[in-house]
**Q** 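I have a structure I would like to understand better, so I am pasting it below and will then ask my questions one at a time.
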Amino acid sequence: MFKHQTRKIKPTRRSVSGVISYKKKPLAYESTLERDFIIYHAFREDVKNITPQPVKIPFTKNGRTYHYTPDYYVELDAKLGKSFIAEVKPKSEWKLNWRDWSDKWKAAKRYCKEKGVKCLILSFRVTLESDISNGWNHVKAFRCSPY
């Protein structure tokens, strides 16, 4: 569904940014949390593709129109699960800014419903570490494997 990146990720001073190789193509990330998200999903057998910055979603706030670009689209094998759009944020940022960000989250949820994909707004460390017991084994394996 979303095969191309709509917003280029540039180097940042605020956090760690970079590129990771996934299926012989570069995937950009804007934080270590996003990097870990990519690594975790790269080792899932049901993941067919990962697209960073997959779509621009318009939303209105205080009478002005803005565009929100989610972090990733994760395409899953249709037989094994439902593909999803993900926003990856640290729990501390989420707690601090959730009211200010709520308009774009609502727009994202509407957009995903229209397109028939899941919409995940999550704090990767909190959600995935609680959902999987050995997720960091995937990260360790990735760091030991060749690109």
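FYI, the numbering just counts along the sequence from 1. FYI, side chains are in, hydrogens and waters are out, and symmetry mates aren't considered; it's all heavy atoms of this structure.
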**Q** Between W105 and W101, is the ring centre distance below 6.0 Å?
**A** yes

**Q** N62: which residues meet the side chain to side chain donor-acceptor pair (under 3.5 Å) condition with it, sequence neighbours left out?
**A** none

**Q** Can you get from F84 to L80 by hopping between Ile, Leu, Val, Met, Phe, Trp and Tyr side chains that sit under 4.5 Å apart?
**A** no

**Q** Are Y72 and F43 grouped together when hydrophobic residues (ILVMFWY) are joined by side-chain heavy atoms under 4.5 angstrom apart?
**A** yes

**Q** Applying side chain to side chain donor-acceptor pair (under 3.5 Å), name anything that partners D77, two or more places apart in sequence or on another chain.
**A** none

**Q** Check step by step if side-chain contact (heavy atoms from CB on, under 4.5 Å) holds for Y73 and V117.
**A** CA-CA 9 Å; Y73 172 67; V117 297; 4.0 Å; yes

**Q** Flag the pair V74 / K82 as yes when at least one side-chain heavy-atom distance between them is below 4.5 Å, and no otherwise.
**A** no

**Q** Does the side chain of Q53 come within less than 4.5 Å of E30's, by heavy atoms?
**A** yes

**Q** Does K113 have any side chain to side chain donor-acceptor pair (under 3.5 Å) partners at least two apart in sequence or in another chain, and if so, which?
**A** none

**Q** Evaluate K25 against V19 for side-chain contact (heavy atoms from CB on, under 4.5 Å), listing each step before the verdict.
**A** CA-CA 9 Å; K25 68 177 185 175; V19 175; over 6 Å; no

**Q** Is the shortest side-chain heavy-atom distance between I39 and I20 below 4.5 Å?
**A** yes

**Q** Applying the side chain to side chain donor-acceptor pair (under 3.5 Å) criterion to Y68, which one of E87, K56, K104, K61 satisfies it?
**A** E87

**Q** Nearest 0.5 Å, what's the CG-CD distance between L27 and E34?
**A** 11.0 Å

**Q** Can you tell me how far NZ of K89 sits from OG of S31, rounded to the nearest 0.5 angstrom?
**A** 8.0 Å

**Q** Apply side-chain contact (heavy atoms from CB on, under 4.5 Å) to the pair I85 and V55, showing each step before the final yes or no.
**A** CA-CA 9 Å; I85 286 177; V55 63; 4.2 Å; yes

**Q** Are more than 12 heavy atoms, taken from residues, nucleotides or ligands other than K95, located less than 6.0 Å from that residue's NZ atom?
**A** no

**Q** Side-chain contact test, heavy atoms from C-beta onward, threshold under 4.5 Å: evaluate it for L76 versus R44 and give yes or no.
**A** yes

**Q** Should I57 and Y66 be regarded as members of a common hydrophobic cluster, given that ILVMFWY residues are connected when their side-chain heavy atoms come within less than 4.5 Å of each other, either directly or indirectly?
**A** yes

**Q** Can you see which heavy atom on P54 is nearest to which on P70, and at what distance?
**A** CD-O, 3.3 Å

**Q** So, the side chain of T60 versus the backbone of T65: is there a donor-acceptor pair under 3.5 Å, distance only?
**A** no

**Q** Is there a side-chain contact (heavy atoms from CB on, under 4.5 Å) between V47 and Y40 once you walk through the steps?
**A** CA-CA 10 Å; V47 173; Y40 170 75; over 6 Å; no

**Q** Quick one: does K23's side chain have a donor or acceptor within less than 3.5 Å of a partner on I50's backbone?
**A** no

**Q** Write down the atom of A28, the atom of P52, and the distance for their closest heavy-atom approach.
**A** O-CB, 3.9 Å

**Q** When you measure from the side chain of D71 to the backbone of V88, do you find a donor-acceptor pair of N or O atoms at a distance under 3.5 Å?
**A** yes

